[in-house]
2 protein chains.
Amino acid sequence: MSTIQDVARHARVSVSTVSNVLNGRADRMGRETLARVEAAIALLGFRPNRAARQLKTGQAGMLGLLVPSIANPMYGAVAREIESVAQERHGLRVVLGNTYRDPDKEAGFFQDLLEHGVRGVVVISSLQDERHLERAVDRGLVVVSVDRRASPGSDSRVDHVSVDNAEAARLATECLIGHGHQRLAFVTAAGQTMSRSEKIRGFRAACAAAGLEADAMVVDGHTRSEYGDAEMAELGRAEALRLAALRQRPTGVIAVNDMLAYGLMAGLRDAGLAVPRDVSVIGIDGLFLSALVTPALTTVQLPLPAMAVTIVERLVGRLADAGVPTGEFLFQPTLIERESVAAPRRVGAARARA
Amino acid sequence: MSTIQDVARHARVSVSTVSNVLNGRADRMGRETLARVEAAIALLGFRPNRAARQLKTGQAGMLGLLVPSIANPMYGAVAREIESVAQERHGLRVVLGNTYRDPDKEAGFFQDLLEHGVRGVVVISSLQDERHLERAVDRGLVVVSVDRRASPGSDSRVDHVSVDNAEAARLATECLIGHGHQRLAFVTAAGQTMSRSEKIRGFRAACAAAGLEADAMVVDGHTRSEYGDAEMAELGRAEALRLAALRQRPTGVIAVNDMLAYGLMAGLRDAGLAVPRDVSVIGIDGLFLSALVTPALTTVQLPLPAMAVTIVERLVGRLADAGVPTGEFLFQPTLIERESVAAPRRVGAARARA
DNA sequence: TTGAAAGCGCTAACAT
DNA sequence: ATGTTAGCGCTTTCAA
């Protein structure tokens, strides 16, 4: 690999002239000089060493991306969008980290980013509170938190980009209600707060608006502490069995996310119940897989591409100017109707029993 | 962030002494000196700047990982394993890149790695030939190619880590044959060669061994050139429709991978056919999602964790010593029987007709 | 046992 | 318009 010195020598100019052309200051020199430098660069196939540049400027040209597990299709989908935007629109590469819900791994990732001089990081955290993010900010990181709202009242030093989770749950709930369902369940995973309470709020609001509070249940599934990629789906499977055994079984169930919905459908099937004939199921996320499962899953889709643009832009903006205030950015989801939701059987009878 | 200078000042020693403790040369100094340095490091929370270190040593402490699309669950699963091994066993971070089957994106990734000083890269390529990998090696990269065999005869300068694809297809085919199937189809995607021909070979061999060559068909699905994450599944869906319309419809079909199997099952359902009652389907990959789909997919599982260990170890080994010869590492897959394969209906009748 | 000093490749202020 | 030079933070001879 040739260096800026080699280029200078070939072009018979000083290194600072070469540096000037590298950094877009071509105006500071003669046409002929510029041409000579460019020719030398091309001839040698010279590309500046970023470590050296970084040592001087402090810019690493990379972003960190922290996810619970990249094997989870939802995070894979998010990562894909973020990597594309970072690369194509800003020339930034992304360093990936899996946390497996381990605070130590999360802290270790921040530590490594700092050592590598990477100052911007996108965090899709599963951790309960965000104090560790504020600590990361103290250490010099610029962070964007995805899919978590800022804690009310606290003016955070990290950006928050998320979808309107209450609205997403409301959309899902109304879809079920619109199809005639009156006994509803919202299934979620306890402890994994990612926007969970907002969704429960939206679910409750929609039930209340339809006068269905009495028949609305929230199921907080408990999961083993170890992190597995199939964990969410396994949880759904287990909860489906429990739901199926209920005397007053819900006819429509909303899953906190698509993965859980897949598990729910598998569990319902294990219990001998058909979706949507016996129970309707609706998810939230809009994974492309949802179009493929049997039956195709009705779900509430998140606008990931638009979110990715905002995420990266916030990071780049605040990296360039630390003075930019942090903010909260909310995106609107949309309902995608497929096959997993249908009218409940014997609506009248169910109502009479209730 | 404090520097090695700050530590030296605090400990009242020279920077070289601090550097010595950082690099495990504690033997070169007095007990008391070492203690002072360690205390200063702890007090300041000092961590060496990697860009500076890299400028000196040429070691970036990172690995590149190139995948067609991280939104594809298979690559997500592989990425998860590789990131874990790299991080936990070698302290290496991973830089992720999506190619979307675009040679320019692939070349751009190599270019950026080089500029960043990252010298090791894991490539899960979708490109036809591997000459671009050899070119990357010329430029100074150490590359491990995953899930492609070395071209026979050429002694490649890149390592190849893959699963025994012929065996995987053989296992899948024998599973179908074992259940009594006699009219078989192997469905794949044309042009996406990832180990495709090896699988076809395994399929053919198993069919021949059972005297079923005449009834074995290979379907090379054509897909639009644009890359989409759902592409593989969509292809399966389309091919399923075509298969369903066949006069002599196969009773058992092998999908080149699990994603395609999902699409196949969705398409079969669209055509009014039930799996496994009307058609049995088997995949290759062993994604965790396969346990969740309806019916649960019988599939041939790849030993990803073991493969990840080899992949990273090869990279690290050849990064440390460029003299280590490259090699080919083959892993054995295992069959996982679930619900998507059953005995064909009216075996005798089908046979009579054939 | 410890320290001084020369870079690694680049940027940018400051000369000329 | 172009060149000289002082670092950025670290590693590693080589000397003392």
Side-chain angles (χ1 to χ4, degrees), chain A residues 1-41 44-62 111-119 140 320, chain B residues 1-38 40-41 44-62 112-119 140 320:
Chain A
M1 297 269 284
S2 46
T3 74
I4 199 174
Q5 309 274 1
D6 300 328
V7 176
R9 203 174 314 119
H10 267 257
R12 269 98 87 37
V13 296
S14 72
V15 291
S16 49
T17 295
V18 179
S19 175
N20 281 335
V21 352
L22 291 180
N23 293 282
R25 287 182 291 258
D27 49 310
R28 294 203 197 171
M29 69 199 70
R31 283 170 37 69
E32 209 267 333
T33 308
L34 174 59
R36 275 214 320 284
V37 173
E38 282 173 336
I41 288 175
L44 298 172
F46 168 78
R47 304 263 41 204
N49 176 323
R50 289 199 178 244
R53 174 177 281 178
Q54 180 184 337
L55 197 53
K56 224 18 217 182
T57 66
Q59 308 296 145
M62 290 192 177
Q111 178 65 55
D112 279 9
L113 290 185
L114 252 5
E115 290 182 25
H116 280 289
V118 176
R119 303 226 2 269
Chain B
M1 298 271 284
S2 46
T3 74
I4 199 174
Q5 309 273 2
D6 300 328
V7 175
R9 202 173 314 123
H10 267 258
R12 268 98 86 40
V13 294
S14 72
V15 293
S16 46
T17 295
V18 180
S19 176
N20 281 335
V21 353
L22 292 181
N23 293 283
R25 288 183 289 259
D27 49 309
R28 294 204 196 169
M29 70 200 70
R31 283 171 37 69
E32 209 266 332
T33 308
L34 173 60
R36 271 209 328 278
V37 173
E38 282 174 337
I41 288 175
L44 298 172
F46 167 78
R47 306 262 42 202
N49 175 324
R50 291 201 177 241
R53 173 176 285 178
Q54 180 184 338
L55 196 53
K56 243 346 234 196
T57 65
Q59 307 296 146
M62 290 190 177
D112 279 9
L113 289 185
L114 251 6
E115 291 182 24
H116 281 287
V118 176
R119 302 224 4 267

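Letters A, B, ... mirror the listed sequences (proteins, then strands); counts begin at 1. The analysis underlying the following values was restricted to heavy atoms, covering all of them including side chains, and did not include hydrogens, waters or symmetry mates. Bear in mind that the values here come from a model prediction, so they are computed numbers and not experimental data.
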Ignoring hydrogens and angles, answer whether the base of D/dT4 and the side-chain atoms of A/S16 contain a donor-acceptor pair closer than 3.5 Å. yes
Rounded to the nearest Å, what distance is computed from the CZ atom of residue B/R25 to the P atom of nucleotide D/dT11? 8 Å
Among D/dT11, C/dG3, D/dT2, the one nearest any side-chain atom of B/S14 is C/dG3
From C/dT2, D/dT11, D/dA1, pick the nucleotide closest to the side chain of B/R28? C/dT2
For C/dG3, does the base pair up with any side-chain atom of B/T17 as donor and acceptor (N or O, under 3.5 Å, distance only)? no
Hey, can you pull the donor-acceptor pairs under 3.5 Å for the side chains in residues 24-32 of chain B, sequence neighbours left out?
from: B/R25; atom 1: NE; to: B/N20; atom 2: OD1; distance (Å): 2.9
from: B/E32; atom 1: OE1; to: B/R36; atom 2: NH1; distance (Å): 2.7

Taking B/R119 for its side chain and B/G140 for its backbone only, find out whether a donor-acceptor pair lies under 3.5 Å. yes
Side-chain heavy-atom pair B/D6, B/R9 within 4.5 angstrom cut-off: yes
Nearest-Å distance for atom pair CD/C1', residues A/Q54 and C/dA12: 18 Å
Write down the distance between CZ (A/R36) and C1' (D/dT2), rounded to a whole number of angstrom. 11 Å
Extract from the structure each pairing of a protein N or O with an N or O of nucleotides 7-10 of chain D at less than 3.5 Å, listing the distance.
from: D/dG7; atom 1: N2; to: A/K56; atom 2: NZ; distance (Å): 3.1
from: D/dG7; atom 1: N3; to: A/K56; atom 2: NZ; distance (Å): 3.1
from: D/dG9; atom 1: N2; to: B/A52; atom 2: O; distance (Å): 3.2
from: D/dC10; atom 1: OP1; to: B/N49; atom 2: N; distance (Å): 2.9
from: D/dC10; atom 1: OP2; to: B/I4; atom 2: N; distance (Å): 2.3

So B/I4 and B/F46, do their side chains get closer than 4.5 Å, heavy atoms only? yes
Are any non-hydrogen side-chain atoms of A/V13 and A/V18 less than 4.5 angstrom apart? yes
Give one of base, sugar-phosphate or nothing for A/R31, where a contact means two heavy atoms less than 4.0 Å apart. nothing
Check the distance between D/dG3's P and A/N20's CG and give it to me in whole angstrom. 10 Å
Would the distance check show the side chain of B/Q54 and the main-chain N or O of B/H116 forming a donor-acceptor pair, the cut-off being under 3.5 Å? yes
